[in-house]
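Remarks on the structure that follows.
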Amino acid sequence: MTNFNRSTLPDTVRSNGATPNPWWANAVVYQIYPRSFQDSNGDGIGDLKGITSRLDYLADLGVDVLWLSPVYRSPQDDNGYDISDYQDIDPLFGTLEDMDELLAEAHKRGLRIVMDLVVNHTSDEHAWFQASRDKNDPHADWYWWRPAKPGHEPGTPGAEPNQWGSYFGGSAWEYDPKRGEYFFHQYSKKQPDLNWENPEVRKAVYKMMNWWMDRGIDGFRMDVITQISKVIDKNGKLPGEAGSEIADNPVGEEGYSSPFPFCSDGPRIDEFLAEMRREVFEGREGYMNVGEAPGITPARNEHVTDPANKELDMLFLFDHVGIDQEGSKWNTVPFEVKNLRDRMTEQQEAVRKAGWASLFFCNHDQPRVVSRWGNDSDRGSRELSAKAFGMLLHMHRGTPYIYEGEELGMTNAHFTKLEQYRDLEALNGYRQRVEEAKCQSSESMMAALALIGRDNARTPMQWDASKYAGFTAPDAPVEPWISVNPNHVEINAAEEFDDPESVYTFYKKLIAMRHNSATIAAGEWHLLAADDEQVYAFTRVDGDDTILVAVNLTDRSAALPLDVAELLSDGVNESQVLLSTYDAMHSVKSIAHGELARWEGVVIQL
């Protein structure tokens, strides 16, 4: 439905440097977190049949691509990002036949399906890992196994190969009595890192990816893919382990050093991504491959996404979603417009000549933007700030990503007790920082979890005002796996679907504008008012067509920045206002007074 109604971006407008322009250059992606989207069988967990039942809603919204978080077979230690069988569907979500049905029904509606893929690590229950526990097995070198530190009893404190800590808390090394060695895990101890230095690992991964592509999916979003290449010395030793030529970094407040500098954007990442492109994607058409990119700078994004280098189509960068964190993720600082603008500007400028940008504020690992940087304290503020951040994001150059419920203005969960959380990162982080290292108070940690914890994005999709928000039947025998946000009575799809002033309707307009305007999809991006403390403004230009975007990202009125006011010095009429977070007349009056109201955003045809 959406692709059939969408204009093709003409090749006279340059997108990422490829000719012809890729189909996704003016597309919009919608991320689905399957366990929280729609439960079809009353077990409290969303599933594939549930997603299929909601395809008409997604087609009506106008999105082009559905990105599914992992639905593979998994012990669910990290909600499916710990995969035990890449070529099967976890029974929680359904069957391979259910997946085939979803693909067929989505394709009927012009919707493409991109699957999440986790190949930096597997589950410790994966057959590959179980085989690797035997030093004599062909899989013995498929993971990062290391002996205990010399002079230490294996399995005792301090015997770990180096001082690296896991991002989920605790040591990044886990001792395995069967093998008598430690294995490395950047994330959970049930998520051992694959050894991509071994060509047999890569062959197995590519074979599996081809199996899915042949089955009919339209591409992959690759989890932490820029962490597959590790820094090692000429003898294959990791930094800080006995005999390594590379020194580790100092330990931090939690008692560990970080593997991040040595495991992100590593020395062979370009080689591995180019090899993947050749082995999986070359010769295929209509696909999209996106990489989650910890440690990648905007400049490196240009290289990886430049089609001339044949690596990935897009990357998710994280510098802009770290602007309210200082040092530790859990040490939060206030949002400042300038910090967001500076980071987004770097991303836009880096791909001015080649490459492409992914545009996002929300996903399954990020809190709800309306609660994080907006104002969700009352309906008016919530709707205005949700529209303001939506407009800001979607008017940039690149491919926008909508996370389920973002189009409704869904908010953070506002949990107040630790037992309400389900996320491994949150629970481990609390234990590590508050109970063990004692480097953060309970009150401060709970406040940080409430603001930026990942479970804020994972409460069930709010379809209607019924007991469980329409996510599962009101009389279902099992409650949802995580609590429904109580505000679903006011914030839900049924309430917003036919409301011309709703956040949902606003998002439909944003999506249609990208589909139908080459200037918005791929026109040049030029920053205005680089130092303004309230207003984020820029122009989009394609030949003689210029569009001005100005958004007040604060809860108080703001004076129009001087360079914006100059562009509007002849005045603005209603017909020039392509979109407003209020309405066209309101924005015309605001501009006449030389200001923008709180959370007022406007898109103006110059």
Side-chain angles (χ1 to χ4, degrees), residues 81 118-122 132 141-150 158-175 181-189 191-199 201-202 205 222-276 291-301 303-304 311-312 315-319 322 325 327-329 425 428-429 432:
Y81 283 85
V118 191
V119 289
N120 172 73
H121 48 266
T122 69
S132 79
D141 192 36
W142 281 40
Y143 296 82
W144 292 91
W145 290 101
R146 291 293 186 271
K149 188 181 298 182
E160 295 83 5
N162 67 15
Q163 299 181 101
W164 285 354
S166 162
Y167 312 135
F168 283 3
S171 174
W173 295 96
E174 183 71 11
Y175 181 66
E181 291 185 324
Y182 291 83
F183 64 84
F184 173 55
H185 58 93
Q186 291 185 74
Y187 296 90
S188 162
K189 65 183 180 182
Q191 294 172 297
D193 278 45
L194 281 164
N195 178 13
W196 275 68
E197 298 291 321
N198 186 330
V201 169
R202 305 200 300 274
V205 168
M222 302 173 210
D223 188 65
V224 297
I225 195 65
T226 54
Q227 295 187 316
I228 58 177
S229 173
K230 278 67 167 171
V231 171
I232 53 176
D233 70 10
K234 68 176 186 294
N235 298 312
K237 291 185 177 293
L238 294 165
E241 70 169 300
S244 176
E245 297 175 346
I246 305 171
D248 195 2
N249 287 326
V251 299
E253 61 183 358
E254 294 179 13
Y256 301 96
S257 61
S258 175
F260 191 86
F262 304 110
C263 298
S264 303
D265 197 15
R268 298 185 69 186
I269 189 65
D270 291 315
E271 174 192 346
F272 292 160
L273 293 178
E275 181 182 69
M276 178 190 290
E292 185 187 27
I296 294 285
T297 63
R300 282 283 292 132
N301 179 63
H303 178 90
V304 174
E311 294 186 32
L312 297 179
L315 291 175
F316 289 118
L317 305 188
F318 292 99
D319 45 347
Q325 299 157 0
S328 163
K329 169 177 180 173
E425 180 190 48
N428 284 356
Q432 178 72 30

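FYI, side chains are in, hydrogens and waters are out, and symmetry mates aren't considered; it's all heavy atoms of this structure. What you see is a predicted model; the values in this text were computed from it and never measured.
- Annotation: the span from I296 atom CD1 to N301 atom CG amounts to 8.0 Å, rounded to 0.5 Å.
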Can you list the steps and then say if I246 with K237 is a side chain to side chain contact (heavy atoms under 4.5 Å, CB included)? CA-CA 8 Å; I246 305 171; K237 291 185 177 293; over 6 Å; no
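- For N428 (side chain) and F168 (main-chain N/O), a donor-acceptor pair under 3.5 Å exists by modelled atom type.
- Looking at N235 and E245, their side chains come closer than 4.5 Å, going by heavy atoms from C-beta outward.
- Taking the side chain as every heavy atom from C-beta outward, E292 and N120 never approach each other to under 4.5 Å.
- In this structure, the separation between CD on Q186 and SG on C263 is 4.0 Å, given to the nearest 0.5 Å.
- Between the side chains of Y81 and S188, no donor-acceptor pair of N or O atoms lies under 3.5 Å.
- Minimum interatomic distance between I228 and V119 (heavy atoms only, all atoms of both residues): CG2-O, 4.2 Å.
- By the side chain to side chain donor-acceptor pair (under 3.5 Å) test, T226 pairs with no residue at all, sequence neighbours left out.
- Using a 4.0 Å cut-off between charged side-chain N and carboxylate O, R268 and E197 make a salt bridge.
- In this structure, W164 CH2 and S171 OG are separated by 11.0 Å, a value rounded to the nearest 0.5 Å.
- Going from atom OG of S244 over to atom NZ of K234 covers 10.0 Å, rounded to the nearest 0.5 Å.
- Closest approach of H185 and D193 over heavy atoms only: CA-OD1, 3.6 Å.
- Contact record, P294 with F260: CB-CE1, 3.7 Å, taken as the closest heavy-atom pair.
- Side-chain rings of W173 and F184 approach one another, their centers coming within less than 6.0 Å.
- Only one option out of W144, Y143, W145, W142 pairs with F183 in a ring-ring contact (aromatic ring centres under 6.0 Å, His included); it is W145.
- Put simply, the side chain of S166 does not reach to within 4.5 Å of the side chain of K189, judged on heavy atoms.
- Heavy-atom minimum distance, Q432 versus G169: OE1-C, 4.0 Å.
- Between Y187 and Y167, the two ring planes are perpendicular [angle over 60°; tilted spans 30° to 60°].
- The closest side-chain heavy-atom distance from K230 to F262 is not below 4.5 Å.
- N195 contributes a side-chain N or O that, together with a main-chain N or O of D141, makes up a donor-acceptor pair within less than 3.5 Å.
- Across every non-hydrogen atom of L317 and A293, the tightest pair is CD2-CB, 4.2 Å.
- A 4.5 Å side-chain heavy-atom check between T297 and H303 finds every atom pair outside the cut-off.
- With contacts defined as side-chain heavy-atom distances shorter than 4.5 Å, the pair Q191/V118 does not qualify.
- The one candidate from N162, D248, N249 that meets the side-chain hydrogen bond (donor to acceptor under 3.5 Å, both in side chains) condition with S257 is D248.
- The main-chain N or O of L273 is never found under 3.5 Å from a side-chain atom of E275 such that the two would form a donor-acceptor pair.
- The two atoms that bring R146 and P161 nearest to each other are CB-CG, 3.6 Å, heavy atoms only.
- At least one side-chain heavy atom of I225 sits less than 4.5 Å from a side-chain heavy atom of M276.
- Under the ring pair (Phe, Tyr, Trp, His ring centres under 6.0 Å) criterion, F316 pairs with W67, F360, Y401, sequence neighbours left out.
- Put simply, CD on E241 and CD1 on I232 are 10.0 Å apart, with the number rounded to the nearest 0.5 Å.
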Side chain to side chain contact (heavy atoms under 4.5 Å, CB included) for M222 and L312? Distances and angles first, verdict last. CA-CA 10 Å; M222 302 173 210; L312 297 179; 3.9 Å; yes
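- Taking the side chain as every heavy atom from C-beta outward, S229 and W196 never approach each other to under 4.5 Å.
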